J.: 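Next up is a structure, given as structure tokens.
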Number of protein chains: 2
Amino acid sequence: MVDKTSGVPMHRQVATDLRGRITAGEYAPGDKLPSERAMIETYGVSRLTIREALGLLRAEGIVVTEHGRGVFVRPPTSIQRLSRSRLSRVARAEDKGAFLADAASKGFTPSSSVRVWFEPADARTSGHLRIQSGEEVTVRDRVMRADGLVVQLAISRLPRKFTCGTAIEQVDTGPGGTYARLEDAGHAIGDFVEHVGARMPTPGEASTLQLDQGIPVITVMRVAYREDGTPLEMNNMVLPANRYELSYEWPAE
Amino acid sequence: MVDKTSGVPMHRQVATDLRGRITAGEYAPGDKLPSERAMIETYGVSRLTIREALGLLRAEGIVVTEHGRGVFVRPPTSIQRLSRSRLSRVARAEDKGAFLADAASKGFTPSSSVRVWFEPADARTSGHLRIQSGEEVTVRDRVMRADGLVVQLAISRLPRKFTCGTAIEQVDTGPGGTYARLEDAGHAIGDFVEHVGARMPTPGEASTLQLDQGIPVITVMRVAYREDGTPLEMNNMVLPANRYELSYEWPAE
DNA sequence: TAGTGGTCTAGACCACCTG
DNA sequence: AGGTGGTCTAGACCACTAC
């Protein structure tokens with residue numbers, strides 16, 4: 001039962017109570033919570049109030065609702081660790097690309113869909129790639145899956161002058177992927193820079209990545225530089241935050 | 001007006017319409033949207049339906065509601081970039097610590113509150129620091145502010161055997177911060193590893209960081225290793241995702 | 001068929017902000 | 001004082017899932 005006179009909104013009281021029972025283990029991961037109509041009796045409030053409380057818990061990512069089935073404590077999802085070694089030259093030499101290399105090493109069956117096209121660089125692209133605005137860039141838009149589940153979106157842009165006549169302009173870039181083809185063409189990679197952020201997904205991303213409410217996405221913008229400092233590629237990645245963790249390591253110098 | 005027969009829930013139709021008008025620039029950042037009661041007339045639906053639509057946009061982080069004032073298009077927040085150079089030995093030698101160094105270089109007035117205590121290592125801590133479970137660790141819990149606004153939470157744990165008799169066990173660690181004191185004590189830092197993730201904030205974090213709805217937090221777990229590979233410190237940081245971006249760079253090797 | 005969550009209405013009162 | 005969002009009720013019907 002809730003206290004209608006405490007000043008604390010009733011739906012918050014309900015949410016706090018449920019959250020406490022979940023963290024205390026009364027409802028374990030995967031367990032079904034009582035139905036909304038049962039909670040109406042339990043707490044003595046209207047159904048909307050119950051639904052508002054559940055909305056808070058959903059937004060926190062600790063419960064999921066399934067239409068026709070019930071409300072469940074979200075089970076922990078296994079986290080993939082992506083470490084910067086995924087970009088090592090050794091890995092490239094042996095494999096088809098960063099994502100496929102990574103997934104295969106972890107026992108997943110990876111697959112990806114690729115679309116390739118060309119377009120003039122917009123302001124943001126030209127800034128990061130240090131080319132003229134409007135200069136033609138090669139765009140590779142990829143959707144990566146592990147065991148059929150979409151786990152990563154990535155869209156790469158490269159100045160077309162570096163990809164002309166290479167397999168980078170094909171759907172299948174061949175062994176070692178884009179970076180291997182760049183090196184074949186005489187553009188040895190010198191440095192990588194990654195900018196990492198997080199935000200809530202757009203509706204499109206949420207449906208493509210099959211994201212539940214309350215799950216943010218990690219955004220990574222990676223720029224690959226040639227040994228002379230020329231930007232070769234800008235890669236914008238979107239990862240579901242409940243399935244990924246990024247790892248970086250470096251010497252203290 | 002919405003189409004009540006299309007099968008698409010009305011609150012989604014309203015949300016899609018508003019989202020379109022916002023991205024089209026009809027409502028600019030900072031602009032006030034029409035009041036909920038005005039939208040009831042515009043769309044011909046009940047107030048709850050309007051509020052559900054606004055709830056979707058809030059969860060996406062594109063609008064904010066202010067009690068008694070209205071609903072506003074969220075203005076873009078300026079992003080702080082944290083790069084790994086913040087941990088350079090040079091910066092340590094000149095300054096009070098990573099955060100203060102960083103904030104000062106960007107024109108903010110930084111401040112921080114620190115609490116220090118000692119406790120036995122739990123399973124997770126002992127695993128990362130490679131010590132016996134229950135061994136005593138020094139805990140430094142910090143709340144960092146820039147111009148009075150809380151911008152970062154950080155909680156560090158170090159095996160106490162490395163901090164005994166150093167200023168690390170004091171609130172003020174002195175010039176260069178924790179890492180400088182470790183080096184003074186003969187523990188030269190060899191490597192850093194950071195694990196980066198994102199999630200929705202807990203209610204406590206949301207209020208401490210004054211986070212609006214729809215803003216995730218970036219989590220960083222940093223482990224500092226001595227030159228011989230011994231873990232010296234585990235630092236768990238929580239950053240508001242709308243104010244921070246992390247940058248990493250490394251040679252292609 | 002029965003139970004679940006999903007959507008929606010009409011109306012009410014409260015808390016907060018601005019004039 | 002008047003407008004705004006915040007909370008809450010009672011009731012209804014729909015869509016999905018299970019048995």
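In what follows, every heavy atom counts, from backbone to side chain, and hydrogens, waters and symmetry copies are set aside. Predicted, not measured: the structure shown is a model, and the values here were computed from it. Order of the sequence lines sets the chain letters (A, B, ...), proteins ahead of strands, with each chain counted from 1.
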J.: With the criterion set at under 5.5 Å between ring centres and under 30 degrees between planes, would D:dG6 be stacked on B:H67?
T.: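 B:H67 ring does not meet the centre or angle cut-off for D:dG6; no stack.
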J.: So which nucleotide from D:dT7, D:dT9, D:dC13 ends up closest to the side chain of B:R47?
T.: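 Nearest to the side chain of B:R47 among the choices is D:dT7.
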J.: Indicate whether OP1 or OP2 belonging to C:dT9 is found under 4.0 Å from a side-chain N or O atom of B:K4.
T.: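 For C:dT9, OP1/OP2 do have a side-chain N/O of B:K4 under 4.0 Å.
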J.: To the nearest Å, how far apart are A:L56 CG and D:dG6 P?
T.: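 Taking CG of A:L56 and P of D:dG6, I get 13 Å after rounding.
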J.: Whole angstrom is fine here: how far is it from CD in B:Q13 over to P in C:dT7?
T.: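 That distance rounds to 12 Å.
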J.: Without hydrogens or angle criteria, can the side chains of A:Q13 and A:Y43 be said to hold a donor-acceptor pair below 3.5 Å?
T.: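 The answer is no; no qualifying pair exists.
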J.: Please tell me whether A:S156 and A:R222 have a donor and an acceptor in their side chains that are separated by less than 3.5 angstrom.
T.: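 No, A:R222 and A:S156 have no side-chain donor paired with an acceptor closer than 3.5 Å.
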J.: Under 4.0 Å between a Lys/Arg side-chain N and an Asp/Glu carboxylate O for B:E36 and B:R51?
T.: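 Looking at B:E36 and B:R51, the cut-off is met.
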J.: Rounded to whole angstrom units, what separation is found between the CD1 atom of A:I50 and the C1' atom of C:dG6?
T.: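 That distance rounds to 16 Å.
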J.: Give a yes or no on whether a salt bridge exists between A:E52 and A:R12, defined as a side-chain N under 4.0 angstrom from a carboxylate O.
T.: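 No, no charged N to carboxylate O under 4.0 Å.
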J.: For A:S46, report the nucleic acid contact type (base, sugar-phosphate, nothing); a contact means any heavy atom under 4.0 Å.
T.: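 Since a base atom lies under 4.0 Å of A:S46, the category is base.
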J.: Distance check: side-chain N/O of A:R69 vs OP1/OP2 of C:dG5, anything under 4.0 Å?
T.: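 The answer is no; no side-chain N or O of A:R69 sits under 4.0 Å from OP1 or OP2.
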J.: Rounding to a whole Å, what distance do you find between B:E36:CD and C:dC8:P?
T.: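 Taking atom P of C:dC8 as the reference, CD of B:E36 is at 16 Å.
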J.: Roughly, in whole Å, what's the span from CD in A:E41 to P in C:dT4?
T.: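 Result: 12 Å.
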J.: Specify the separation, in whole Å, of atom NZ of A:K32 and atom P of D:dA18.
T.: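 That distance rounds to 11 Å.
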J.: Using whole Å, report how far CZ of A:F72 lies from C1' of D:dC16.
T.: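 Going from A:F72 (CZ) to D:dC16 (C1'), I get 13 Å.
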J.: Between C1' on C:dT4 and CD1 on A:I40, what's the gap in Å once rounded to a whole number?
T.: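 From A:I40 CD1 to C:dT4 C1': 12 Å.
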J.: Taking donor-acceptor contacts at under 3.5 Å, does the side chain of B:R12 reach the base of C:dG6?
T.: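 Counting by modelled atom types and ignoring angles, no donor-acceptor contact under 3.5 Å is found here.
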J.: Please pick, from D:dT7, C:dT9, C:dG5, the nucleotide with the shortest atom-to-atom distance to any side-chain atom of A:R37.
T.: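 Side chain of A:R37 sits closest to C:dG5.
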J.: Nearest of D:dC8, C:dC8, D:dT4 to any side-chain atom of A:E52?
T.: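 Within the option list, the nearest is D:dC8.
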J.: Calculate, to the nearest 0.5 Å, the distance between atoms CZ and OG1 belonging to B:R140 and B:T178 respectively.
T.: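 So the gap between those two atoms works out to 4.5 Å.
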J.: Between A:E66 and A:V45, just flag the one whose closest nucleotide in DNA chain D comes earlier from the 5' side.
T.: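 Closest to the 5' end, via its nearest nucleotide, is A:V45.
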J.: Please check the phosphate of D:dT9 (OP1 and OP2 only) for any side-chain N or O of A:T49 closer than 4.0 Å.
T.: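 For A:T49, the contact criterion (side-chain N or O under 4.0 Å from OP1 or OP2 of D:dT9) is met.
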J.: Salt bridge or not between A:E60 and B:R199? Use side-chain N to carboxylate O under 4.0 Å.
T.: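 Between B:R199 and A:E60 there is no salt bridge, as every charged N stays at least 4.0 Å from the carboxylate O atoms.
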J.: Considering only side-chain heavy atoms of B:H11, which listed nucleotide, C:dT7, D:dT7, C:dG6, is closest?
T.: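 The answer is C:dT7, which lies nearest to the side chain.
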J.: Taking for each residue the nucleotide of DNA chain C bearing the nearest heavy atom, is the 5' side occupied by A:L33 or by B:L48?
T.: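 Closest to the 5' end, via its nearest nucleotide, is A:L33.
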J.: If you compare every side-chain N and O of B:R51 against the phosphate oxygens of D:dG6 (OP1, OP2), does one of them come in below 4.0 Å?
T.: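 Indeed, a polar side-chain atom of B:R51 lies that close.
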